[in-house]
Structure formats: C-alpha cells, structure tokens
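Notes to accompany the following structure.
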Amino acid sequence: MSRPKARQPLSTGSDWTFELIEAYDREIGRIAANFGLDTYPNQIEIITSEQMMDAYSSVGMPLNYNHWSFGKQFVETEQSYKRGHMGLAYEIVINSNPCIAYLMEENTITMQALVIAHACYGHNSFFKGNYLFRTWTDASAIIDYLLFAKNYIRRCEEKHGVDEVEKLLDSCHALMNYGVNRYKRPRPLTAAEERERQRAREEYIQRHLNDLWNTTIPRRSDDDAGKQPRFPAEPEENILYFIEKNAPLLEPWQREIIRIVRKVAQYFYPQKQTQVMNEGWACFWHYTLLHQLFDEGLVTDGFMMEFLHSHSSVIYQPPFDSPYFSGINPYTLGYNMMQDIRRICEKPTEEDREWFPDIAGSNWQETLDNAMRNYKDESFILQFLSPRLMRELKLFSIMDDSSRPTLRVDAIHNERGYRALRESLSAQYNLGNREPNIQVYNVNVRGDRSLTMRHYMHNGQPLGASTEEVLKHLHRLWGFDVLLESVTPEGNVMQSFACPPRPQELTVEGIA
Amino acid sequence: MSYIIDRRENAKKKSTVNRQRFLRRYKQHIKKAVEEAIHNRSIKDIDQGGQVTIPKRDISEPIFHHGDGGVRHKIFPGNKEFVEGDEFRRPEGGGGGGAGQGKASNQGEGEDDFTFNISQEEFLDFMFEDLELPWMVRKQLKDATTFETRRAGFTNAGSPEKLHIVRSLRAAHARRIALTDKEVRQQIRALRKELWALEESPPSAERTEKITALRARIIELEKSSRKLPFLDDFDLRYTNMVRVPMPSSKAVMFCVMDVSGSMTQSIKDIAKRFFILLYLFLNRNYKQIEVVFVRHHTHAKEVDEQEFFYSRETGGTIVSSALALTADIIDKRYPPADWNIYIAQASDGDNWDGDSSTCSKLLTERILPKTQYYAYVEITTGPHQNLWHEYEHVNEAFSERFSMQQITDAGEIYPVFRRLFEKRTEGAHEPS
C-alpha cells in the first residue's frame, strides 16, 4: 500500500477550483478505500450560502413539500445568519444514493477537503453501513419519494385548498414523532410503486375501514366499555399509522398525506438515534484521512493548521458551568469514543483489558467497522464508553428528583461511578426515554367512538405544557373525542387530558 | 466515484413559497406590527422594512414532551470539585439543564419572542393592503387625453415615409409567382439548372456554345411569359401606426395645511403623517408624482417641504386663501387632462366665520371638477365648527370624490386613512 511520498502538495493557496476539488476528492477517496470504507457514489454539489439557507430550512433535503413551518425555519436561519449570530454549517449531506453533499462556495480549499473527507467518506460510509439505516431507510428511493410527495401535496392543495392541506399537515407534524415504527421493519418505499398502489389503496382502505363502524348497535352506558374487547387489541405505538388506517372521517387524500408525513418521519428516525455515532465516525475519519494526506506529503503545513483549528473547535466541549454549555457535544463524545476504541485496540492498558477483553489488542479497523455497523448511540455508549474517557471528559451525573429540594451528585468519574455514569449517559440517548411513551390504547367502537391514548410514565415525569395543543391536532385527525391518560407503571392514572375538554374532568382538576 | 456539480447558478429562493406561506399564516401579527410602526416611526423612515415580533407561544409547533417533575438523571462534563453524594440547591430558572428535553415551557412569557424582518416592499404591501386609489377607473380610456403611438401591423394605404420595403417586395414577389404560368416557370428553372451545371464544367468551345444557346432560350421564355410589372401599386405595404389613448400616469398631490396659531405641534405632527401616508400610497400607483405644499393662515403660500412642516407662524385662519391658491396653481401648472390631481387638506377646523361659504364655492366650482380626490381631515378633539358643516354640504354634492374624516389622535391616522381610501369597487362600474 505504501506509495512513494509525493513531494508536490496538491495546493498551496486557499482558493478552490473544480480541478482542485476533483484532485482532493480522488486522493481522499483512494485513502478511504485503503482504509476499507465502503461508500455510495458521491455527488458533490457546490452551492452558495443563500442556497445553503434554503437547504437548511427544508430539513436538509434538496426538495420537500411546501409548508409554513419550513418558511419559519428559513426566516429564523436567515435572521440569525444576517446578524452574525451563527455561521452556516460547512456542509449538508443527504442519505441518498448517490450520496449528495453540499459544499459552500465561500469555503477555502482546506474546508472543502475537510468537508469531502467528513461528509463524502465519513457520513457516506456510515449511511451505507449502519444497520439502522440499512434496515429503515432506502437511500436510493428517498429523492424520488420526496418528489412524489411534493407533487401529490401540491395537487391536493389545488384540489382542496391550501388551508385545508395546511391544517392537516400541522396536525401531522404535531404527531410526527409518533409516526414511526420503532420495532417493526417498514416496507421499503419506492416512488413508482407508491404511485401505482396509491389509488388501489385509497379504495381498499375506504371500503374496509367502514367495517369497524358499520354495526349500529344502540349506545350503551360507558361502564360497558371496560368489558368490551379493546380495539386495537394491542396498544399501537405508531399513532399516525393508526389514524391513517382507522380514523373514520378522513378522506382518501388525507390518509395519503398522513402516510407521506409518516414515511418522512421514518426516514429521519435513524438519524435521531445515531447522532453521536454518525458525527463521531465522520470526525474520526476526516481526522484520519487528512492526516494520511499530510503523511504522504500531499498537503502543506498551512493546510493542516487551518484544518486542525476548525477540527478542534468542532469537537470542543465546554464544561457544564461555561456560558457556552448547551449539553454534551455529540461531536466531542463521538469523536473521542472512536479514537478511544482505536487506542484500546492498538495500545490497551490493564484497565482496558479488564473492561474490554473482546476488543483490547484487536484489529482497530475491523473493530471500528463492526461498531459502526451494529450499534446505535444508546448501545454504542453502553458498550464502548471507557473509564479512561469518562475521566478525560470528567463526567458526573446529577439526580434531579422533583420531590426533593436539592439536586444530588449520584455518580462521578471514579471506580464506583463508571458503570452508573455509562448507563445514565446511554439512557440519555434512548429515544424511548427522551420522548414520552404514548400509545393508542382503546377506541370506544360501540359508543361515542372516542379514542383513548395512554402515556406510560417514565420515572414519574409528567407531560409538558403543549400536550393539550397536540391533543387538539389529534382530535382534528380522529374526528371524535380524544382522551389521554398518564399511567404509572403500577397502572394508576395520574393525570388525564381530553379534547374537547370534558366537564367532569374540569371539576376533578378544580378540586385537585 | 464522485460527480462534482456546480449548482450555484441554480434557482435561489427555493424557500420563497414557504416564506410566503409563513407570512400568510401570521398576517394578523404582521399587520399589527406594521400599524404600530406607522404610529411610532418618524416620517422619514416610514417606508423602510420593518421588524415583526410574534410571541413564541403563537408560533410554536406543539409536540408531546416531558414536563417538569419526576426523577431524571443528567450527565454533565467538566467536573471540578463534585464528589458522589454532594447535594446542592436547584439553580434558579432551570439553569444547568441543557441536556434534558422539554425545557420549552410556555410559561416564560414574552421572553423568546420570534422576531424577523420584512422587506420594504412587504411592509408597504401590508400597509396598503385592500386599498385602492379612489376612482382610478374614472381616469380611464375615454377621459384620457394623452396618446401613445404604437405599431399595429401593416396597411395598404399610407404616407410614403411609412412604406415598408421588405413587406412590399415580398408582396410583389408573391404576386409575380401567382400570376406567371407554372409550366414556363418550371421550364426556366430546369434550363437554369442546366446552365449552372455547364458553368461548373471545364471550359471548351462546345460549352460556350451551349451556354449561349441556353441563355438565349431562357430570355426568350422569360419574355414569352406574361409581362408583369416588377412592383405594382397593389403591392405596397405601409407600417400602420395607431394612437392608443393612455391613462395619465402622472399625479400631483397638494398638501394643504393650516398653520395658524391654533394648530399645535402635535396636530401638525398628525397631519404630517397623514400626508406621508398619502404620498407613499400615490408613489406606488403612479410613475411620476409631484407634491405641492400649500400652507396658510390668513393668506396662503406655496412652500417647500421643510418650511411646510417645520416653520412656525401665527395668525388667524382664512381657509379660502389656500383653496384659491391651489386652484390657481392647478390652472397654471397642472391641466387635469395630463395630471391626476389629489388634494389632502388638514386642519383643526378653525376658520374665520364669514369664509366657509367662500370655501365651499371655490371647491365646488374651481377645484373639485378637476380633481381625482379630495380628502379633508379634521384633527380635533373638540366639536365641529362651521368649516366642517360647510364641507358636509360639499360632501353630499361630490360624494364620490370628496371625503372628510375626523382624527383625534395619532393612533387613528391609519384607520382613517384606510376609510378615506378604502376600495370602492362599486365605483368601478359606475359610468361617470
């Protein structure tokens, strides 16, 4: 693999040209392949900062349906960018095949090379390799699907009016986080099939849906509801799916739009669960790849200085008491963990051998590759966070129990605390803990058709202030009364919401 | 393998639709902000963009999230002196959070308002929304006396300088083709081809002979075909020009203001803003606008803007002096055929008792017949005086082009302005 050291660096100035970008991409690609990175083909697009803002505000996608919330995002981005409150990201990369990466024209050639290494080889190989992306998203179909979605929604707007569609999308967006299957693998989506099946589906659903409601049995008192078999028989976690399939009053086009929002949410679901790993992986590889370029004499010292400067600001972690602190920086955590795994493989200490008997001293490339493919943030941290890194980052855990007047430090970076720290940090990245666990519990099929949702409480945490607003959206979709109960693990109902509010609930709240 | 694509030339402003949707959704907020800006801003920067602030709770998109309470563990970096078991009081205001979710509570009122800018264009659009120049239609085609000459195809008759040579020759050519015998023409064409072929071939005595023979034959044939004139009167084409009546796109706006002793600075200030609004409004509807400032106490004077708004004089009030001067200026400089004339008069309602009837006479006889619109605002909190009552009669007679409103404080300028100029769609159909 060793090539003779090139004497001539690829570039010496800071301006970029298309030829230079091509040359850097070729060299970085060659080195990445030598390291065994498996990637989708790259599509590198040079854009202006204005276009970058556009891309920002449609959740990073090159095209998306129209909605005011994207406009709000745009206005917000534009505002803070113009005032200099924030710089734009250097890059946006899209999980598609070919993998699309945006480079901004304002950047120097060093930054462009950094972005190519980071996005086109780091993120790209992660998208291609990680099991969540492999299972849940279809990189080759996403762009086509978004195009289908955009056109479909536009046609709906023409047919039913912008306001109607907007209302529906508002409601769907409120429930977007609950439009994903967490356990069941979704069917891969392809735009062509989607279009073909769409009409058939419309008819089918509309016909079968009514079975649920066909029977006209005289209304009984609500006490009977408990004795009836519940519908759905098992609680349903994918609320939007449930509504799409079962809401009695929706038109076919409304079901289709709910489906679109669901599919988009599903597409982004893996990204939410692998932020630390994904960024860590990309940072690790841009660091490794560019150093290799330097070792081969292809880049200058000045290039390396500029690169290291921005690298170290990206992975800087302000301490908890700093005014800049805003939580744990996923770049820092991910990058350091990746480097740490390499270290454990290459130069294991006694401690490492004790904690990581399987990987200490193993081939680092294979170990890292395995970690990248088979873990998500939660399990990655639980598996690979080493005591040494906890000491370096000086992690500590605070227990916040609202029933006690004080906060308590319940673990720090010492022998007694390592495991507890690691578990808490891992739990912090568990989406199931971050988002309230809310599921469809029952539908009063024979009565007033009310929908009952259950919130299974985690560590006694109640629902936040916007719950009632979300219920209004749910009510709009469902079309009949919607109830939400917060339930403790013991099965006691701690709190309940209803939309529209029910009179008896008001009195209960009044007394409490 | 990588592809590198330069997208910089691609459409920018992809987000325009989304931005418009956003503005549309928060129209009420933006309108409110615009109205406030009009009340509070100094006149000179009224036609700039504006900042719009929307309370966070109105703009947030609700999602299910955890509220405060319960037990949670949070991991922080950068430990300095804590050891396990340390306890300390909860920091105020949720500080030290960050890693946790659900901090976006709605209770913290007014703290995180969503603020953004709208452009000047958007600002003015919101400002003038639903407004339309009164009786714009009146100045339409039949009233208009300015004309624009435009091309309108071709005609068979016209003056020699309008002769269109290409069209004429084309017509002549077409006529000749149409009138010659088809067979002869084909024959001539065949002979010509033969001739060209011969001319290409190497020179020889035989060739020269043939060429001469062919040429003679061609000439003979051409002669035998009917004698047709090369150009006939019939072929001549002239560029056709028509005169299109153009609605006048020039407007003149008269600002008439009382500066007598009874007009306080705050009243003048209100008047100023009213004039500014009118100016901006006309500015968006006419290509060219002139503004004439007429101020008066016992006698009237045409002044420049600075003097109009900022110099002080005292004295009694004779409104008719200003109206007479206005009428004179119109007669001298602004023939109604060329100009759309708008007059805005601001006053506190004071007038010398014997003068009001003169005013209404001047208005009805000399001014109103020539103007597009006359707006009178009376800025007073007191009871109406004789001028108002006199004007009420004028209003009855000229309801379509004269209107009057009372303003009591600065907050009312905008609503009154809108009332004065609100869309009168029914007027658009009314023959005048």
Ignoring hydrogens, what is the shortest heavy-atom contact between [X] and [Y]? Give both atom names and the distance.
X     : Y      : result
B:H65 : A:A465 : CE1-N, 3.7 Å
B:I63 : A:H173 : CG2-O, 4.5 Å
B:G85 : A:R408 : CA-NH2, 4.0 Å
B:R21 : A:V162 : NE-CG1, 3.7 Å

Region of [X] in contact with chain B, defined by heavy-atom distances below 4.5 Å:
X      : value
A:E392 : neither
A:L333 : neither
A:E22  : both
A:N177 : side chain
A:P462 : both
A:L421 : both
A:L484 : side chain

Item checked: Side-chain (A:K72) to main-chain (B:F22) donor-acceptor, under 3.5 angstrom -> no

Check: Is a side-chain donor or acceptor of A:Q461 paired with a backbone partner of B:V71 at a separation under 3.5 angstrom?
Finding: yes

If you measure from the Lys or Arg side-chain nitrogens to the Asp or Glu carboxylate oxygens, is any gap between [X] and [Y] under 4.0 Å?
X      : Y      : value
B:R8   : A:E50  : no
B:K80  : A:D321 : yes
A:E105 : B:R7   : no
B:R24  : A:D163 : yes

Check: Is it true that A:F74 and B:F116 have ring centroids separated by less than 6.0 Å?
Finding: no

Notebook entry, point to check: Can you tell me how far CD1 of A:I412 sits from CG of B:N79, rounded to the nearest 0.5 angstrom?
Noted result: 5.5 Å

Note to self: Nearest 0.5 angstrom please: B:F76 CZ to A:F320 CZ, how far?
What the structure shows: 8.5 Å

Next item on the list: Below 4.5 Å from any heavy atom of chain A, which atoms of B:L23 appear? Answer side chain, backbone, both or neither.
Entry: neither

Checklist line | Heavy-atom check, side chain of A:E469 versus side chain of B:E61, under 4.5 Å | finding: no

Next item on the list: Check whether the side chains of B:N18 and A:H67 place a donor and an acceptor atom closer than 3.5 Å, and report yes or no.
Entry: no

Notebook entry, point to check: Within a reach of under 6.0 Å around NZ of B:K32, are more than 12 heavy atoms found that belong to other residues, nucleotides or ligands?
Noted result: no

Next item on the list: Please check if atom NZ in A:K272 has more than 12 non-hydrogen atoms from other residues, nucleotides or ligands closer than 6.0 Å.
Entry: yes

Item checked: Criterion side chain to side chain contact (heavy atoms under 4.5 Å, CB included) on B:I75 and A:I328, from CA distance to verdict -> CA-CA 8 Å; B:I75 305 287; A:I328 288 183; 4.1 Å; yes

Next item on the list: Return the option, out of A:M176, A:R26, A:M457, A:R404, with the maximum number of heavy-atom pairs under 4.5 Å with chain B.
Entry: A:R404

Note to self: Just so I understand: if I count every heavy-atom pair under 4.5 Å between each of A:L407, A:D401, A:T406 and chain B, which residue has the most?
What the structure shows: A:L407

Next item on the list: Show your working on side chain to side chain contact (heavy atoms under 4.5 Å, CB included) between B:R19 and A:V75 and close with a plain yes or no.
Entry: CA-CA 7 Å; B:R19 188 187 148 87; A:V75 166; 3.6 Å; yes

Note to self: salt bridge (charged side-chain N to carboxylate O under 4.0 Å, His left out) for B:E84 and A:R416? Distances and angles first, verdict last.
What the structure shows: CA-CA 9 Å; B:E84 190 185 328; A:R416 283 161 48 89; 2.7 Å; yes

Item checked: Pair A:E435-B:H66, side chain to side chain contact (heavy atoms under 4.5 Å, CB included): steps then yes or no -> CA-CA 7 Å; A:E435 291 169 355; B:H66 282 129; over 6 Å; no

Checklist line | Stepwise side chain to side chain contact (heavy atoms under 4.5 Å, CB included) check, A:L175 with B:F64 | finding: CA-CA 8 Å; A:L175 292 162; B:F64 284 130; 3.8 Å; yes

